[in-house]
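Everything on this sheet refers to the single structure shown next.
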Amino acid sequence: MNLALTVNCWSDEDLLFASQFGVTHIMAEASIPHGRMWDRHALAAIRNRATKANSTFSGLADLPQQYSISSYLQQIQRNEITAEERLDGVCAFVTSAGATGIPMIVCDCDIPGTSESVVVPEGRAGALIHKYERPESTGVANKTALWQHLTRWLQRVVPVAEKAQVKLAFGTRHISSMGWLDSIETMQHLIAVVPSHYAGFNFRHSVIAQTLGNDTFTAIRHFNAQKKIFMVEVGNLRSHLSHVVEAFLDESISEDMPDVADMLRTLQVYHAAGYEGTVQPAPPPGLVGDTTWGHKGQAFNLGYIRALLQVVERVR
Amino acid sequence: MKIALHVGPTREEAQFAAQVGVTHAVIGGPDSPTGIVEYEALTAQQALFAEYGLEICAIENVPNHFYDKVMFGLPGRDEQIANYCTTIRNMQRAGIPILGYHWMLLGGITTDYVSGRGGARGRRFELPTALRHPTASLEWRNPLGTIHVPDQELSADHVWDNLTYFLQRVVPVAEECNVKLAAHPDDAPFPSHMGVARILSSLDGLQRAVDTVPSPCNALDFCQGTISEMEGVNVIDAIYHFGRQNKIAFAHFRAVSGQMPKFDEVFMDEGDTDMFAAMQAYKDVGFDGPMRADHTPRVVGDNQYAHRGFAFEVGYMRGLAQAVDSMTSTA
């Protein structure tokens with residue numbers, strides 16, 4: 001398993017930072033400088049900058065906003081666009097990505113408007129953390145329509161990705177509502193719409209653990225056996241009755257699901273399952289005097305994960 | 001495992017330490033014109049740190065000018081020793097159990113700073129360079145900002161006599177106050193520089209220091225980094241050796257690449273020592289003192305406290321410590 005990090009590849013400081021802390025694989029933030037367009041030149045520049053920093057370029061950490069699945073679902077629901085117009089643009093983007101050597105794109109499938117959060121100084125020693133309201137337990141409104149729209153997206157884009165040799169890593173940034181990627185079955189359904197080696201998952205461990213609970217380790221084994229875990233992002237969420245809060249990675253305490261919240265145990269499961277891809281930290285809580293991106297917090301996370309990776313891989 | 005950090009007397013440093021999961025702070029002995037670490041200075045820092053849940057567990061060292069005459073065997077050393085004993089009594093009143101000390105008459109020695117991983121700036125020591133440029137290699141400064149260069153050679157016997165004189169007078173007070181003295185090995189660990197002996201530059205030297213005045217309060221600041229720099233030394237074995245004697249009062253956790261006569265300081269995850277095995281060794285010997293992240297290479301964009309570097313090191317230590325605890329408890 002390799003240590004990875006999502007960085008702004010237009011920032012020399014961030015690329016250097018990653019390299020200094022032992023990051024070997026870079027995921028690029030889906031951002032471009034003001035005035036530039038998402039074209040092959042921009043994609044090639046991102047890839048070149050990441051690889052020049054002595055790192056392996058792993059891909060884009062998200063689709064650009066105008067091509068994202070969330071905005072697609074939202075705008076279709078509002079009748080602002082037609083599906084085919086948007087999907088033409090997405091396919092063209094994926095084709096360009098393939099032509100410039102982008103190996104993977106993370107495709108978040110969050111339902112629009114379900115991820116309300118506030119930032120509060122309620123973390124350890126006043127660290128700034130995101131506090132999320134739990135999604136409604138009554139189920140997703142218009143679930144059938146949303147699945148139909150997503151199915152159409154997959155039917156158009158996955159074949160293009162396969163032809164362009166670009167892996168699509170699906171997942172959600174936030175805890176899923178009932179009926180939307182909240183079980184092994186619904187996750188399996190997503191990648192079964194268009195069976196392909198290029199359709200898999202970004203396993204955001206904190207989100208999956210909150211969604212699948214004690215089935216998380218089963219999901220890891222189930223999907224890695226199919227080689228469907230393309231990358232792993234490690235974060236820590238703590239759940240309360242009405243909300244969920246971020247925590248530091250080393251605050252591995254959860255009475256409800258102690259194993260799943262134990263980062264060492266989690267990485268041992270990935271390792272035992274045969275996972276050989278990247279492991280990267282989720283965005284960290286905000287530390288005193290830190291930058292917006294959270295350099296100090298990122299450094300802490302990288303040190304913590306690096307230690308656990310070394311432990312897991314030294315013990316046979 | 002008590003993960004600790006050297007924390008300065010500012011809110012930002014205290015809050016940062018607490019946020020990265022540190023519970024124990026090591027401080028520099030507050031300076032004062034009296035030559036004594038004053039009780040009020042200690043309690044003021046304790047009050048500040050307590051706001052963030054930090055406990056002061058050790059003083060790294062008192063200012064050098066509090067005991068330089070003792071190290072060099074100069075007139076005035078008895079007054080300095082009396083002041084040192086008062087410092088120990090003040091620590092007892094404040095409930096701070098460990099007092100570290102260096103016996104490096106010329107201070108720490110470094111020859112260069114070099115680019116390590118990703119261009120991070122790390123300390124290098126190379127003996128031929130130190131011998132070619134002896135004064136330029138000195139790190140220690142007295143409060144006046146000048147280098148303390150001796151005007152005569154000081155043999156190992158002379159420096160041992162001075163240390164023995166010190167320990168014979170101070171250890172009984174430390175015992176009475178239940179404060180552990182913790183000797184730091186000489187960094188870089190080589191036996192003599194500019195004609196002045198460096199007596200704590202080997203395992204034998206450290207053993208002799210703790211045997212000179214046998215006492216549970218005569219112990220070591222086990223700087224893992226310095227000890228792993230010693231030529232031919234296996235630092236894991238050294239942890240077991242001194243740990244089983246209960247002579248590790250507190251530990252510095254650090255990694256280096258290479259040994260005498262040349263080594264580089266590197267990040268904890270890339271040195272020559274198996275750091276997991278080291279953490280396991282501390283646990284095996286029942287070490288329950290503070291373990292602090294020692295130095296860190298300098299990284300891009302870091303602040304004056306090196307918070308990015310130390311965040312990485314503390315995160316690494318937290319991961320190792322949790323792994324050792326977890327794997328031991330399931331064994």
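Note that these values count all heavy atoms, side chains included, but never hydrogens, waters or copies made by symmetry. By convention in this document, chain letters (A, B, ...) are assigned in the order of the sequence lines, proteins followed by strands, and residues within each chain are numbered from 1.
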Legend entry - Positive for side-chain contact (heavy atoms from CB on, under 4.5 Å) with Q322(B), one of V311(A), L308(A), D250(A), L249(A): D250(A)

Heavy-atom pairs under 4.5 Å with chain A, option from [options] with the top count:
{"options": "G21(B), P297(B), G116(B)", "result": "G21(B)"}
{"options": "D269(B), D302(B), L320(B), V314(B)", "result": "D269(B)"}
{"options": "M317(B), M268(B), H307(B)", "result": "H307(B)"}

Taking side chain as C-beta onward, heavy atoms only, is [X] less than 4.5 Å from [Y]?
{"X": "L264(A)", "Y": "M327(B)", "answer": "yes"}
{"X": "F276(B)", "Y": "Q310(A)", "answer": "no"}
{"X": "H295(A)", "Y": "V299(B)", "answer": "no"}
{"X": "N303(B)", "Y": "K296(A)", "answer": "yes"}

Inset, instruction - For atom CD of E51(B), decide whether the heavy atoms of other residues, nucleotides or ligands shown that lie under 6.0 angstrom number more than 12. - result: yes

Legend entry - Contacting moiety of F16(B), where chain A heavy atoms sit under 4.5 Å: both

Legend entry - Max heavy-atom pair count under 4.5 Å with chain B, selected residue of G303(A), A307(A), A127(A), G123(A): G303(A)

Inset, instruction - Heavy atoms only, distances under 4.5 angstrom: which of G289(A), G126(A), A18(A), P284(A) has the most pairs with chain B? Name it, please. - result: G126(A)

Inset, instruction - Look at the side chain of R117(B) and the backbone N and O of Q20(A), then say whether any donor-acceptor pair between them is shorter than 3.5 Å. - result: yes

Inset, instruction - Looking only at non-hydrogen atoms, find the nearest pair between R308(B) and F17(A) and report the distance. - result: CD-CE1, 4.1 Å

Legend entry - Residue pair D274(B), R314(A): steps toward the side-chain contact (heavy atoms from CB on, under 4.5 Å) verdict: CA-CA 10 Å; D274(B) 181 339; R314(A) 80 190 288 280; 2.4 Å; yes

Legend entry - Gap separating the CZ atom of F21(A) from the CD atom of E313(B), nearest 0.5 angstrom: 8.0 Å

